[in-house]
Novice: 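I'd like to ask you about the structure that follows.
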Amino acid sequence: MDNKVNISQIAREVGVSVSTVSRALSGSGRISDATRQKINEYLATKELIPNTREKRYTDVTTKMISVVLPGEENFAYMPYFLTVFLSVYDYFSIRGYQVSLIKITPTDISNLIHAVEAHVMDGVVLTRTVENVDEILYLKEKGVPFVVIGPYEDPSVLRVDTDHETACCEITNALLHKGLNKIAVMCAQRYHRINKIRLAGILRAHVENHMLLQREFVFYDTDVINIAEMAIEKTMAAKMDCILCMDDNLCMGILRLLRKMKIDVPGDIKVASLHNSILLDEWDPSISCIHFNVDELGKEASRILHVYLTEQRRLPLSILGYELQMKDSTS
């Protein structure tokens, strides 16, 4: 019979902290004789042998990597997430790994929890960050190696990102310098950290130009058709100069509605997007946007995770570049 016991179990049974048990067993550190005796008596009575090395998640390898995608309706089919998934697959598959996907939402990370409990992967690539970041806190707690694509303040977390705030400031500056001073902003969910960062860039550009962004024309939840239609109607009634969309998927929805409402771009209203993809590349007129190399983003995240898994070496935060593309939609 296996009579070994982890120090965390000893701590629970005796009613002390894990560090106290560790000090009692090692004989170092300050601890009362009474507490040391209590721990020793528990072990002797149960005929247990303390296992001073706790089992770590990384003790078992599977040669499997999991990519976490958004589980909200249709989100995972957006070109950004598909491109990241495929780039992670390409990087790891030639190194002998299998790659799987897990879907979670901001309020439900149960699929991720089940995968970790079943230990079906060695590491995780998180493709976005949201407000509550339950998945990050959970993975840290369980000791699962992971890398985050996107903004997150904890320097201990492996991460890759692009300078979204500066990029959004730059494209907003370009629009303002064109004389497009009345800008309406179309956003989706408030809880996405990236939306807050992009909005900060828009605001920064207005401050640099000694102008105010009209906050009543910052619309949220415009991925819902009825809300987007009302936002467009309010924008057109106020004779705004330009619609600035938070991402490519949202921009496509706005462009389709503008076409349906027989509103000409760029004749009646200018349009720009804070993220580009193949969705926008095919649109006529061509859409002004910020272009990020999403494939490189996924590969860099994979490299950072792979180095950690194979060398136990933590690479520093990696910030990739971007390209500002001013096209026909704002001319």
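All heavy atoms count here, side chains included; hydrogens, waters and symmetry mates do not.
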Novice: Does the pair Glu229/Lys260 count as a salt bridge with the N-to-O cut at 4.0 Å?
Specialist: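 So Glu229 pairs with Lys260 through a salt bridge.
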Novice: Examine Arg259 relative to Trp283 and say whether NZ or CZ is less than 6.0 Å from the centre of the six-membered ring and inside a 45° cone about the ring axis.
Specialist: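 Geometry flag: set, cation within 6.0 Å and 45°.
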Novice: Looking only at the side chains, is there a donor atom on one of His275 and Asn249 sitting less than 3.5 Å from an acceptor on the other?
Specialist: no
Novice: For Met186 and Ile243: C-alpha separation, side-chain torsions, deciding distance, then whether side-chain contact (heavy atoms from CB on, under 4.5 Å) applies.
Specialist: CA-CA 7 Å; Met186 302 292 177; Ile243 293 175; 3.5 Å; yes
Novice: Could you tell me whether Lys234 sits above the aromatic face of Phe217, with NZ or CZ closer than 6.0 angstrom to the six-membered ring centre and within 45 degrees of the axis?
Specialist: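 Flagged: Lys234 positioned over aromatic ring of Phe217.
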Novice: Mark yes when over 12 heavy atoms from residues, nucleotides or ligands other than Tyr97 sit less than 6.0 Å from its OH; otherwise mark no.
Specialist: yes
Novice: Linking I/L/V/M/F/W/Y whenever any side-chain heavy atoms sit under 4.5 Å apart, do Val99 and Leu69 land together?
Specialist: yes
Novice: If two hydrophobic side chains count as joined below 4.5 Å and joins carry through other members, does Ile227 share a cluster with Leu257?
Specialist: no
Novice: Verify, without hydrogens or angle tests, whether Ser286 (side chain) and Asp328 (backbone) share a donor-acceptor contact under 3.5 angstrom.
Specialist: yes
Novice: Do Cys187 and Leu199 have side chains that approach each other closer than 4.5 Å (heavy atoms only, starting at C-beta)?
Specialist: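 Contact flag for Cys187/Leu199 side chains = no.
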Novice: Consider only side-chain N and O atoms of Asp122 and Thr62, and report whether a donor and an acceptor are under 3.5 Å apart.
Specialist: yes
Novice: Nearest 0.5 angstrom please: Lys38 NZ to Leu43 CG, how far?
Specialist: 12.5 Å
Novice: Classify the ring geometry between Phe292 and His164 as parallel (under 30°), tilted (30 to 60°) or perpendicular (over 60°).
Specialist: tilted
Novice: Is it true that, when you exclude Ile225 itself, more than 12 heavy atoms of the residues, nucleotides or ligands shown sit nearer than 6.0 Å to its CD1?
Specialist: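 Not more than 12 within 6.0 Å, no.
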Novice: Tell me if a side-chain donor or acceptor on His306 pairs with a main-chain N or O of Ser302 at a distance below 3.5 Å.
Specialist: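 No: the side chain of His306 does not pair with the backbone of Ser302.
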Novice: When you check the gap from the basic side-chain N to the acidic O, do Lys182 and Glu216 get nearer than 4.0 Å?
Specialist: no
Novice: Work out which heavy atom in Ile171 is nearest to a heavy atom in Ala272; give both atom names and the distance.
Specialist: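 For Ile171 and Ala272, the tightest heavy-atom pair comes out as CD1-CB, 4.4 Å.
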Novice: We want to know whether Asn276 and Glu323 form a side-chain donor-acceptor pair, criterion being a heavy-atom distance below 3.5 angstrom.
Specialist: no
Novice: Side-chain donor-acceptor pair under 3.5 Å between Glu72 and Thr105, yes or no?
Specialist: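 No, Thr105 and Glu72 have no side-chain donor paired with an acceptor closer than 3.5 Å.
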Novice: So if you build clusters from Ile, Leu, Val, Met, Phe, Trp, Tyr with side-chain heavy-atom gaps below 4.5 Å, do Leu317 and Tyr152 land together?
Specialist: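 In one cluster: no.
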Novice: Apply side-chain contact (heavy atoms from CB on, under 4.5 Å) to the pair Leu139 and Val124, showing each step before the final yes or no.
Specialist: CA-CA 9 Å; Leu139 291 173; Val124 175; 4.1 Å; yes
Novice: State the OG1-CG distance between Thr166 and Leu324, to the nearest 0.5 angstrom.
Specialist: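 Here the interatomic distance stands at 12.5 Å.
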Novice: Passes side-chain contact (heavy atoms from CB on, under 4.5 Å), Cys251 versus Leu280? Steps please.
Specialist: CA-CA 8 Å; Cys251 190; Leu280 296 181; 4.1 Å; yes
Novice: Please report the interatomic distance CZ(Arg198) to SG(Cys168), rounded to the nearest 0.5 Å.
Specialist: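 The SG atom of Cys168 is 6.0 Å from CZ of Arg198, to the nearest 0.5 Å.
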Novice: For the side chain of Tyr308 and the backbone of Phe146, is there at least one donor-acceptor N/O pair under 3.5 Å apart?
Specialist: no
Novice: Under 3.5 Å, is there a donor-acceptor pair between the Gln37 and Glu41 side chains?
Specialist: yes
Novice: Is it true that atom CG of Leu212 has more than 12 heavy atoms of other residues, nucleotides or ligands lying nearer than 6.0 Å?
Specialist: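 No, the 6.0 Å shell around CG holds no more than 12 heavy atoms from other groups.
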Novice: How long is the straight-line distance from OG of Ser66 back to CD of Gln98, given to the nearest 0.5 Å?
Specialist: 11.5 Å
Novice: Taking all non-hydrogen atoms of both residues, which atom of Ala205 and which atom of Leu176 are closest, and how far apart?
Specialist: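 Nearest heavy atoms, Ala205 then Leu176: O-CD1, 4.0 Å.
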Novice: Can you tell me how far the CD1 atom of Ile197 sits from the CG atom of Leu274, to the nearest 0.5 Å?
Specialist: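 If we round to the nearest 0.5 Å, Ile197:CD1 and Leu274:CG are 12.5 Å apart.
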Novice: Assigning hydrophobic clusters by single linkage (Ile, Leu, Val, Met, Phe, Trp, Tyr; side-chain heavy-atom cutoff under 4.5 Å), is Ile290 placed with Leu255?
Specialist: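 Linked, Ile290 and Leu255 end up in one cluster.
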Novice: Keeping the roles fixed (side chain from Asn209, backbone from Met211), state whether a donor-acceptor pair exists under 3.5 Å.
Specialist: no
Novice: Checking Thr330 side chain against Val271 main chain: does a donor-acceptor pair fall under 3.5 Å?
Specialist: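 No.
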Novice: Flag the pair Arg204 and Glu165 as a salt bridge only when some basic side-chain nitrogen lies within less than 4.0 angstrom of an acidic carboxylate oxygen.
Specialist: yes
Novice: Using a 6.0 Å cut-off, check whether atom CD of Glu311 has over 12 heavy atoms from anything other than its own residue.
Specialist: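 Enclosed: over 12 neighbouring heavy atoms sit under 6.0 Å from CD of Glu311.
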Novice: Should we say atom OH of Tyr138 is surrounded by more than 12 heavy atoms from elsewhere, each under 6.0 Å from it?
Specialist: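 It does: Tyr138 OH has more than 12 such atoms within range.
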Novice: Decide whether a cation-pi geometry holds between Lys299 and Tyr91; the criteria are a distance under 6.0 Å from NZ or CZ to the six-membered ring centre and an angle within 45° of the ring axis.
Specialist: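 Negative - Lys299 is either too far from the ring of Tyr91 or too far off its axis.
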Novice: Please confirm whether the ring centroid of Tyr322 lies under 6.0 Å from the ring centroid of His291.
Specialist: no
Novice: Is a side-chain donor or acceptor of Arg159 paired with a backbone partner of Gly150 at a separation under 3.5 angstrom?
Specialist: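 Here the side-chain-to-backbone pair exists.
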Novice: Verify whether one side chain among Asp241 and Asn181 offers a donor that lies under 3.5 Å from an acceptor in the other.
Specialist: no
Novice: Could you tell me whether the side chains of Gln189 and Asp221 share a donor-acceptor contact shorter than 3.5 Å?
Specialist: no
Novice: Hydrophobic clustering (ILVMFWY, side-chain heavy atoms < 4.5 Å, transitive) - are Leu82 and Met78 grouped together?
Specialist: no
Novice: Surrounding CG of Asp264 (heavy atoms of other residues, nucleotides or ligands, distance under 6.0 Å), is the total greater than 12?
Specialist: yes
Novice: Rounded to the nearest 0.5 Å, what separation is found between the OG1 atom of Thr235 and the CD atom of Gln214?
Specialist: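 These two atoms lie 10.0 Å from each other.
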Novice: Do Asp223 side-chain atoms and Leu250 backbone N/O form a donor-acceptor pair below 3.5 Å?
Specialist: no
Novice: Please name the residue in the list Val218, Leu244, Thr172 that meets the side chain to side chain contact (heavy atoms under 4.5 Å, CB included) test with Leu213.
Specialist: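 Result: among Val218, Leu244, Thr172, Val218 is the only option passing the side chain to side chain contact (heavy atoms under 4.5 Å, CB included) with Leu213.
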Novice: Could you go through Ile319 and Thr162, starting from their C-alpha distance and side-chain angles, then the distance that decides it, and tell me whether this counts as side-chain contact (heavy atoms from CB on, under 4.5 Å)?
Specialist: CA-CA 5 Å; Ile319 300 293; Thr162 49; 5.5 Å; no
